[in-house]
Number of protein chains: 2
Amino acid sequence: MAGIDTESPVPKYYQLKEIIRDMIEKEELRAGQAIPSEREFCERYGISRMTARQAIMELVNEGLLYREQGRGTFVAEKKLQQEAARLTSFTQDMRDRGMRASSRVLEMEVEPAGPVVARMLGVDRGTRILRLRRVRDADGEPMALETSHLLYEVAKGVLDADLASGSLYEELRKAGVRIARAEQSYEAGLVSEAEAGHLGVPAGSPALLIERITFDENDRPFEYVKSTYRADRYRVTTVLHP
Amino acid sequence: MAGIDTESPVPKYYQLKEIIRDMIEKEELRAGQAIPSEREFCERYGISRMTARQAIMELVNEGLLYREQGRGTFVAEKKLQQEAARLTSFTQDMRDRGMRASSRVLEMEVEPAGPVVARMLGVDRGTRILRLRRVRDADGEPMALETSHLLYEVAKGVLDADLASGSLYEELRKAGVRIARAEQSYEAGLVSEAEAGHLGVPAGSPALLIERITFDENDRPFEYVKSTYRADRYRVTTVLHP
DNA sequence: AAGTGGTCTAGACCACCGC
DNA sequence: CGGTGGTCTAGACCACTTA
């Protein structure tokens with residue numbers, strides 16, 4: 001990417017975005033380092049300042065860069081780049097937190113949907129559901145207790161996968177399920193007697209209860225998950241905008 | 001908000017943002033409805049198109065509006081607005097949940113920043129801080145206990161505002177503080193002996209602990225808030241994307 | 001054809017920062 | 001002081017939608 005092609009149907013500001021992204025990816029620019037100034041880009045590529053500005057502002061919005069009045073524009077740290085709440089698997093979530101994820105399957109059964117699960121997944125009561133109950137460990141110690149309810153039609157392709165080590169989402173993606181979005185809720189609760197042993201904390205300890213409904217690309221829910229996270233090991237951070 | 005004040009130090013594009021936000025809040029514009037065109041705003045307020053455009057683009061980025069090429073710009077549905085977790089005041093949050101917010105001020109003092117507050121706000125220890133401790137009620141019943149630490153330099157303009165009924169953010173916005181983003185974390189915990197009376201639940205009840213650092217448009221933190229929400233009345237929902 | 005948003009120009013003045 | 005980003009102007013041509 002040597003320069004900007006004026007003849008191209010691709011907008012100039014977009015070409016500049018790609019150029020800057022490339023520079024960062026190739027580590028010509030490192031985290032914390034200043035990128036060339038707006039006026040510098042104008043001269044170098046023969047574009048107007050507003051155009052250079054649009055490219056830079058969009059990258060700032062995406063979290064790749066940050067600006068400081070009077071000083072310059074800088075490459076953001078990786079952790080700042082992941083600001084927005086992303087839909088990730090437990091495996092990826094733990095990796096981001098610098099821990100190693102593993103799992104132990106407690107139960108795995110095909111059963112008819114009960115009233116709650118049927119409502120959450122928008123299917124008739126009695127529809128076949130794969131229920132999967134797992135202890136999720138981080139660095140070998142219990143982090144959460146998780147119960148997934150998957151549409152059997154979707155999940156049957158992953159029945160024989162090794163769910164102890166691998167990621168369910170990884171398996172689903174290989175099976176052609178494209179995840180579009182999820183609705184997730186956070187609530188505080190207490191660890192029950194039944195859960196205490198699996199989580200390795202006393203009953204009555206605080207716990208973060210997370211519920212999630214995951215939708216495929218046709219906006220159909222295919223998974224309903226309830227998790228109990230140990231409050232002493234887990235917190236959620238997000239960035240909010242006005 | 002009748003028009004745009006050319007003499008004001010507040011940028012024109014930001015004044016226009018406020019005007020559009022107001023129109024939506026007062027339901028002069030409803031979800032799915034088109035807002036005036038860019039050129040219409042230019043004429044109405046005597047500003048250039050790029051300025052009107054900047055205001056609109058930022059509101060699109062924030063999820064309040066969406067644009068369709070050749071058709072116009074429209075007000076987003078509420079549920080779409082909340083897709084990316086939005087930064088709202090307690091007052092607005094309760095309104096969205098169909099409840100009426102009110103507050104009781106427990107403490108309000110100017111004091112030097114301690115080590116934790118100083119670190120969270122990125123200032124020197126001893127910097128003057130306005131500490132505001134409030135019970136936040138929803139429909140007249142306790143919902144949360146909230147302690148705000150505000151930079152005194154920023155907060156002094158709102159000292160005499162009626163914080164019992166009004167929104168702190170509303171007051172800050174009137175005072176010219178422009179909120180850019182916030183970092184918020186969720187954690188589970190238990191209600192302490194000291195908090196139990198204020199919240200109207202027994203000590204040891206589950207509680208959602210929310211911490212927030214709010215940044216102005218220069219990326220300077222000006223507020224650090226710790227809140228304890230009753231788990232039986234409050235849960236947080238967000239939409240995640242892959 | 002008229003109106004919308006999408007892109008772009010070539011300037012301008014300002015506030016802030018570091019030297 | 002010179003350089004940076006922040007704001008703003010008054011135009012321009014384009015692609016797209018709707019009528």
Side-chain angles (χ1 to χ4, degrees), chain A residues 3-20 29 32-61 64-76, chain B residues 3-20 29 32-76 122 153 176-181 215-220:
Chain A
I4 285 182
D5 179 4
T6 310
E7 303 308 314
S8 166
V10 179
K12 293 180 181 178
Y13 81 90
Y14 194 85
Q15 294 185 49
L16 180 54
K17 274 179 78 173
E18 293 296 289
I19 290 172
I20 297 173
L29 296 172
Q33 201 178 334
I35 70 169
S37 74
E38 295 175 355
R39 289 163 177 90
E40 167 74 24
F41 279 125
C42 297
E43 258 190 60
R44 196 185 295 183
Y45 297 113
I47 58 180
S48 109
R49 189 167 159 222
M50 289 299 278
T51 304
R53 198 171 163 73
Q54 183 176 359
I56 293 169
M57 286 306 290
E58 292 198 3
L59 291 172
V60 168
N61 261 324
L64 203 68
L65 304 173
Y66 63 91
R67 326 193 80 177
E68 285 185 26
Q69 161 110 230
R71 298 213 327 122
T73 303
F74 306 86
V75 179
Chain B
I4 285 182
D5 178 5
T6 309
E7 303 308 314
S8 167
V10 178
K12 294 181 181 179
Y13 82 90
Y14 194 84
Q15 293 185 49
L16 180 54
K17 275 179 77 174
E18 294 295 284
I19 290 172
I20 297 173
L29 297 172
Q33 200 178 331
I35 70 168
S37 74
E38 295 175 356
R39 290 164 177 88
E40 167 74 23
F41 279 123
C42 298
E43 258 190 59
R44 195 184 297 184
Y45 297 111
I47 59 180
S48 109
R49 191 170 155 219
M50 289 299 279
T51 304
R53 201 175 162 71
Q54 183 176 358
I56 293 169
M57 286 306 289
E58 292 198 2
L59 291 172
V60 169
N61 263 323
E62 292 168 17
L64 202 68
L65 304 173
Y66 62 93
R67 327 193 80 175
E68 285 184 25
Q69 163 108 231
R71 294 206 340 114
T73 303
F74 307 86
V75 179
E153 278 307 307
V177 177
R178 288 187 277 158
I179 298 170
R181 62 171 229 277
F215 298 78
D216 68 12
E217 81 277 12
N218 298 319
D219 233 35
R220 272 197 287 262

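Order of the sequence lines fixes the chain letters, A, B, ..., with proteins taken first and strands second; residue numbering starts at 1 for each chain. For the numbers below, each heavy atom of this structure counts, side chains included, while hydrogens, waters and symmetry mates do not.
You'll find that the side chain of B:Tyr13 is closest to D:dC8, out of C:dC17, D:dC8, C:dT7. In the set C:dC8, D:dC8, D:dG5, the nucleotide with an atom closest to the side chain of A:Ser37 is D:dG5. Candidate nucleotides C:dG5, D:dG5, C:dT9 were compared by shortest atom distance to the side chain of A:Arg39, and D:dG5 ranks first. Closest to the side chain of A:Thr51, out of C:dG5, C:dC8, D:dT9, is C:dC8. Distances from the side chain of A:Ser48 to the nucleotides C:dA10, D:dT17, C:dT7 place C:dA10 closest. Listed candidates were D:dT9, C:dC16, C:dG18. Nearest to the side chain of A:Gln69 is C:dC16.
Here the P atom of nucleotide D:dG6 and the NZ atom of B:Lys17 are 14 Å apart, to the nearest Å. Atom-to-atom, CG of A:Leu65 to P of D:dT4 comes out at 16 Å; the value is rounded to the nearest Å. Separating the CZ atom of B:Arg220 from the P atom of D:dG6 is a distance of 13 Å, rounded to the nearest angstrom. At whole-Å resolution of the value, CZ in B:Arg67 and P in C:dG3 are 18 Å apart. Note: CD (A:Glu40) to C1' (D:dG3) measures 12 Å, nearest angstrom. Here the P atom of nucleotide D:dA15 and the CD atom of B:Glu38 are 18 Å apart, to the nearest Å. What separates CD of A:Glu7 from P of C:dC8 is a distance of 13 Å, to the nearest Å. The interatomic distance linking A:Glu68 (CD) with D:dG3 (P) rounds to 20 Å, in whole Å.
Of the charged side-chain nitrogens involved, at least one lies within less than 4.0 Å of a carboxylate oxygen, so that A:Arg67 and A:Glu38 count as a salt-bridged pair. Residues A:Glu40 and A:Arg44 are paired through a salt bridge, judged by an N-O separation under 4.0 Å between the basic side chain and the carboxylate.
Regarding contacts with the backbone of D:dC8, every side-chain N or O of B:Gln54 stays at 4.0 angstrom or more from both OP1 and OP2. Contact check, A:Arg71 against C:dG18: a side-chain N or O comes under 4.0 Å of OP1 or OP2. Note on B:Arg49: every side-chain N or O is 4.0 Å or more away from OP1 and OP2 of D:dG11.
With values rounded to the nearest 0.5 angstrom, A:Phe74 atom CZ is found 10.5 Å from A:Leu65 atom CG.
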Verify side-chain contact (heavy atoms from CB on, under 4.5 Å) between A:Thr51 and A:Phe41, making sure each step is shown before the conclusion. CA-CA 10 Å; A:Thr51 304; A:Phe41 279 125; over 6 Å; no
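Contact annotation for A:Ile47: backbone-only contact, meaning every heavy-atom pair under 4.0 Å involves sugar-phosphate atoms and none involves a base.
With B:Glu68 contributing its side chain and B:Thr73 its backbone, the two residues share no donor-acceptor pair below 3.5 Å.
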